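Nothing here was measured: the structure is a model prediction, and the numbers come from that model.
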Amino acid sequence: QVQLVESGGGLVQAGGSLRLSCAASGRAFSSYSMGWIRQAPRKESEIVAAINWSGRVTNYADSVKGRFTISRDNATNTVSLQMNSLKAEDTAAYYCAASDSIGVVTTANDYGYWGQGTQVTVSS
């Protein structure tokens with residue numbers, strides 16, 4: 001089992017940047033693939049970025065390609081999401097999630113472990 005704690009959310013103006021971090025504890029972090037999933041009011045959840053166990057393979061939602069970057073450090077048990085050129089439509093609660101799969105996971109239901117979430121609000 002793995003426990004996840006997100007940090008780094010907040011209020012930012014459109015065009016600005018934020019960096020989200022997720023600290024993992026518990027079973028070997030490198031045995032999990034990781035993802036960042038966001039949930040906005042009245043919208044379906046969206047996997048914005050995912051990364052495989054080694055960090056060599058990533059996947060991004062079309063809505064964030066070229067603006068967001070996911071990375072992980074297996075030595076420090078952390079996964080990060082660098083968000084640049086933020087837009088009002090990026091406003092959402094962002095969740096860090098872990099999957100027992102070692103490959104990139106692009107389906108929310110395949111993530112078995114979730115953090116408590118961190119709010120990102122982008123003002124226009």
Side-chain angles (χ1 to χ4, degrees):
Q1 194 145 354
V2 62
Q3 292 79 44
L4 305 170
V5 178
E6 304 96 333
S7 61
L11 174 64
V12 63
Q13 288 189 334
S17 298
L18 278 176
R19 185 177 181 86
L20 305 183
S21 294
C22 174
S25 60
R27 218 184 77 187
F29 178 67
S30 61
S31 66
Y32 297 96
S33 63
M34 302 296 295
W36 285 96
I37 302 158
R38 68 185 179 187
Q39 178 71 62
R42 298 174 298 280
K43 291 185 179 180
E44 291 188 3
S45 62
E46 180 182 29
I47 300 176
V48 296
I51 191 166
N52 78 326
W53 72 275
S54 68
R56 295 190 181 97
V57 181
T58 58
N59 182 274
Y60 296 94
D62 288 342
S63 58
V64 306
K65 279 181 182 176
R67 300 189 297 122
F68 289 12
T69 302
I70 188 171
S71 60
R72 68 187 295 162
D73 185 338
N74 288 342
T76 60
N77 293 356
T78 58
V79 60
S80 299
L81 185 68
Q82 178 66 41
M83 305 186 294
N84 298 329
S85 302
L86 283 161
K87 305 175 181 179
E89 50 263 43
D90 294 319
T91 295
Y94 284 72
Y95 297 87
C96 172
S99 172
D100 289 321
S101 171
I102 60 173
V104 171
V105 176
T106 58
T107 304
N109 286 344
D110 289 335
Y111 285 97
Y113 310 95
W114 294 67
Q116 83 287 352
T118 186
Q119 179 67 34
V120 171
T121 303
V122 184
S123 62
S124 56

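No donor-acceptor pair under 3.5 Å is formed between the side chain of N84 and the backbone N or O of L18. Although no hydrogens or angles enter the test, the distance criterion places a donor-acceptor pair under 3.5 Å between the side chain of S33 and the main chain of S101. Looking only at distances, a side-chain donor or acceptor of N52 sits under 3.5 Å from a matching main-chain atom of V57. Judged by distance alone, with hydrogens and angles left aside, the side-chain atoms of E6 form a donor-acceptor pair with the main-chain N or O of Q116 at under 3.5 Å. Remark: the backbone N or O of F68 is not paired with any side-chain donor or acceptor of Q82 at under 3.5 angstrom. Of the possible polar contacts, one joining the S99 side chain to the D110 backbone as a donor-acceptor pair under 3.5 Å is found.
By the 4.5 Å heavy-atom criterion applied to side chains, Q119 and T91 are counted as neighbours. Annotation: side chain of V5 is not in contact with side chain of C22 (no heavy-atom distance under 4.5 Å). Contact annotation: the side chain of L81 never approaches that of T69 to less than 4.5 Å [non-hydrogen atoms, C-beta and beyond].
Residues V2 and Y94 fall within the same hydrophobic cluster, defined by Ile, Leu, Val, Met, Phe, Trp and Tyr side chains chained together at heavy-atom separations under 4.5 Å. One hydrophobic cluster holds both M34 and L20 under the rule that ILVMFWY side chains link at heavy-atom gaps under 4.5 Å. Hydrophobic clustering, with ILVMFWY side chains joined whenever heavy atoms are under 4.5 angstrom apart, groups L86 together with V64.
Taking every heavy atom of both residues into account, A108 and W114 meet most closely at O-CZ2, 3.7 Å. Residue A98 comes nearest to L4 through the heavy atom pair N-CD1, 3.8 Å, listed as atom of the first residue, atom of the second, then distance. Minimum interatomic distance between A14 and S124 (heavy atoms only, all atoms of both residues): CB-CA, 4.2 Å.
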- Query: Would Y95 and Y111 count as a ring pair (Phe, Tyr, Trp, His ring centres under 6.0 Å) if you check the C-alpha gap in whole Å, the side-chain angles of each, and the deciding distance to 0.1 Å?
  - Reply: CA-CA 11 Å; Y95 297 87; Y111 285 97; over 10 Å; no

Q. Between V48 and Y60, is a side-chain contact (heavy atoms from CB on, under 4.5 Å) present by the stated rule, with each step listed?
A. CA-CA 6 Å; V48 296; Y60 296 94; over 6 Å; no

**Report entry** Working for side-chain contact (heavy atoms from CB on, under 4.5 Å), residues W36 and V79
**Finding:** CA-CA 9 Å; W36 285 96; V79 60; 3.9 Å; yes

Checklist entry - Taking it one step at a time, do R72 and S80 satisfy side-chain contact (heavy atoms from CB on, under 4.5 Å)? => result CA-CA 6 Å; R72 68 187 295 162; S80 299; over 6 Å; no

Audit row: R67, M83, side-chain contact (heavy atoms from CB on, under 4.5 Å) steps and yes/no: CA-CA 6 Å; R67 300 189 297 122; M83 305 186 294; over 6 Å; no

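The line from CD1 of I51 to OG of S71 is 6.0 Å long, rounded to the nearest 0.5 Å. For the atom pair OG (S30) and CG (N77), the distance works out to 8.0 Å, reported to the nearest 0.5 Å. Taken to the nearest 0.5 Å, the CG atom of N59 stands 8.5 Å off from the CD1 atom of I47. Rounding to the nearest 0.5 angstrom, the gap separating the SG atom in C96 from the CD1 atom in I70 is 8.0 Å.
Within the structure, the salt bridge (charged side-chain N to carboxylate O under 4.0 Å, His left out) test picks out the following pairs touching residues 45-59 (sequence neighbours left out): R38-E46.
Taking a cutoff of 4.0 Å between a charged side-chain nitrogen and a carboxylate oxygen, K65 and D62 qualify as a salt bridge.
A perpendicular orientation is assigned to the rings of Y113 and Y32, their planes being inclined by more than 60° (bins at 30° and 60°).
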